[in-house]
Q: 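I am attaching a structure below and will ask some questions about it afterwards.
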2 protein chains.
Amino acid sequence: MPEAKRPDLAAMMAPLARALTAAELPVLERHDLTMWGYAVLLGLGDQPVYTQAALAKAIRADKTRIIGVLDDLQQRGLIRRDPDPADRRARLVSLTPAGRTTRDRAQREIREQEEILLAQLPAADRRTFLRCLQTLWASNTDRPD
Amino acid sequence: MPEAKRPDLAAMMAPLARALTAAELPVLERHDLTMWGYAVLLGLGDQPVYTQAALAKAIRADKTRIIGVLDDLQQRGLIRRDPDPADRRARLVSLTPAGRTTRDRAQREIREQEEILLAQLPAADRRTFLRCLQTLWASNTDRPD
DNA sequence: TATTGTTATACTCTATAACTATA
DNA sequence: TATAGTTATAGAGTATAACAATA
């Protein structure tokens, strides 16, 4: 069976990504999070620490880009920035319990939001689709850049 | 089988879309096309005409956004802008044969570029993935906005 | 009055350069 | 000298407002 006629990959991916992002915005707003704020909370994951530069790199942002974001999250008690005793230039960034809670709640709602889109796919297709998407995404984010 | 742990949809889609777009750029440059120029050539499709406003809407661009793009494409003989005899405000935009050739060549190379990414997927998965992607994309672009 | 195409302006987002304090 | 964090500036991309011509 030959491949069906279809738009270019980027022509499908880019609008879909935009739509997904737009759909997330109201959810994030309910938790007083910006897209970058949410990205930071996700980027901190469960590993306890990071330097700001490493964190920025992990979420593919400029190091200057996230400073205001960190300021805001810290002031609201969602993250901590502790001076590294071993290198007084660096700040160790970590999630507070409140930050973890906020992150998890926001993510749960975002996953529910995604269901609206994914519900269009039959269960078997859906599993394959997500597996493929994750494969492509992983192979891409591994790149040196 | 429960769904595997995975990043948020948008967190996978957005970087992938960016990577795909970035990979297209060198191809488009070889044909002296910008992303918007390519989008315009694709938007003109095989239907002969449009008004500029309708074309802009079809490719989800601002009507003011594409004016410079149309100027450039017209000057290079890839499109035509004919005054509509029925409504002298409107311009009927159409592809010239040269425009069609350029569009088809660029698209062929872009499809080859996509193969690098898609080659990671087993043939069966790949077909399902593309079918799903097209389904989600179509349901989304149908939206009123 | 509404609409097409256009230009000029303002705004948002991002990257670049420059500074400080440490190493 | 090199690096972490920071600030201020400049750039790209986009949308908004305003205009002339036509309906």
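Below, read A as the first sequence line, B as the second, and so on, with proteins coming before strands; counting in each chain starts at 1.
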Q: With the threshold set at under 4.0 Å for non-hydrogen atoms, list the residues of residues 9-33 of chain A touching DNA chain C in residue-number order.
A: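 When residues 9-33 of chain A is checked for heavy atoms under 4.0 Å from DNA chain C, there are no hits whatsoever.
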
Q: I'd like to know if the side chain of R30(A) reaches the main chain of A106(A), judged simply by a donor and an acceptor atom lying under 3.5 Å from each other, with no hydrogens or angles considered.
A: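 Here the side-chain-to-backbone pair does not exist.
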
Q: Starting at the 5' end of nucleotides 14-23 of chain D, put B wherever the base has a protein heavy atom under 4.0 Å, S where only the sugar-phosphate does, and a dash everywhere else.
A: SSBB---BBS

Q: So does M12(B) get a backbone contact from the side chain of R6(B), meaning a donor-acceptor N/O pair under 3.5 Å?
A: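 Between the backbone of M12(B) and the side chain of R6(B) there is no qualifying donor-acceptor contact (under 3.5 Å).
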
Q: Could you tell me how far apart I67(A) (CD1) and dT7(D) (P) are, to the nearest whole angstrom?
A: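 That distance rounds to 6 Å.
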
Q: So, is R81(B) near the phosphate of dT6(C), with a side-chain N or O under 4.0 Å from OP1 or OP2?
A: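 R81(B) to dT6(C) OP1/OP2: side-chain N or O found under 4.0 Å.
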
Q: Does R126(A) reach the main-chain N or O of C132(B) with its side chain, forming a donor-acceptor pair under 3.5 Å?
A: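 Here the side-chain-to-backbone pair does not exist.
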
Q: If I take atom CG in residue D71(A) and atom P in nucleotide dT7(D), what distance separates them, rounded to the nearest angstrom?
A: 7 Å

Q: For Q74(B) and R81(B), test the side chains for any donor-to-acceptor distance below 3.5 angstrom and give the result as yes or no.
A: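 Their side chains do contain a donor-acceptor pair, which is all the 3.5 Å distance test asks for.
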
Q: Between the side chains of R91(B) and D82(B), is the shortest nitrogen-to-carboxylate-oxygen separation below 4.0 Å, so that they form an ion pair?
A: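 So D82(B) does not pair with R91(B) through a salt bridge.
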
Q: For L55(B) and dG5(C), give me the distance from atom CG to atom C1', rounded to whole Å.
A: 13 Å

Q: Within this structure, what is the CG-to-C1' distance between L70(B) and dT4(C), rounded to whole angstrom?
A: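 L70(B) atom CG is separated from dT4(C) atom C1' by 13 Å.
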
Q: Taking the side chain as C-beta and beyond, is there a heavy-atom pair between R88(A) and P83(A) under 4.5 Å?
A: no

Q: Return yes when atom CZ of R105(A) has more than 12 non-hydrogen atoms of other residues, nucleotides or ligands closer than 6.0 Å, and no otherwise.
A: no

Q: Could you tell me whether R80(B) atom CZ has more than 12 heavy atoms of other residues or ligands within 6.0 Å of it?
A: no

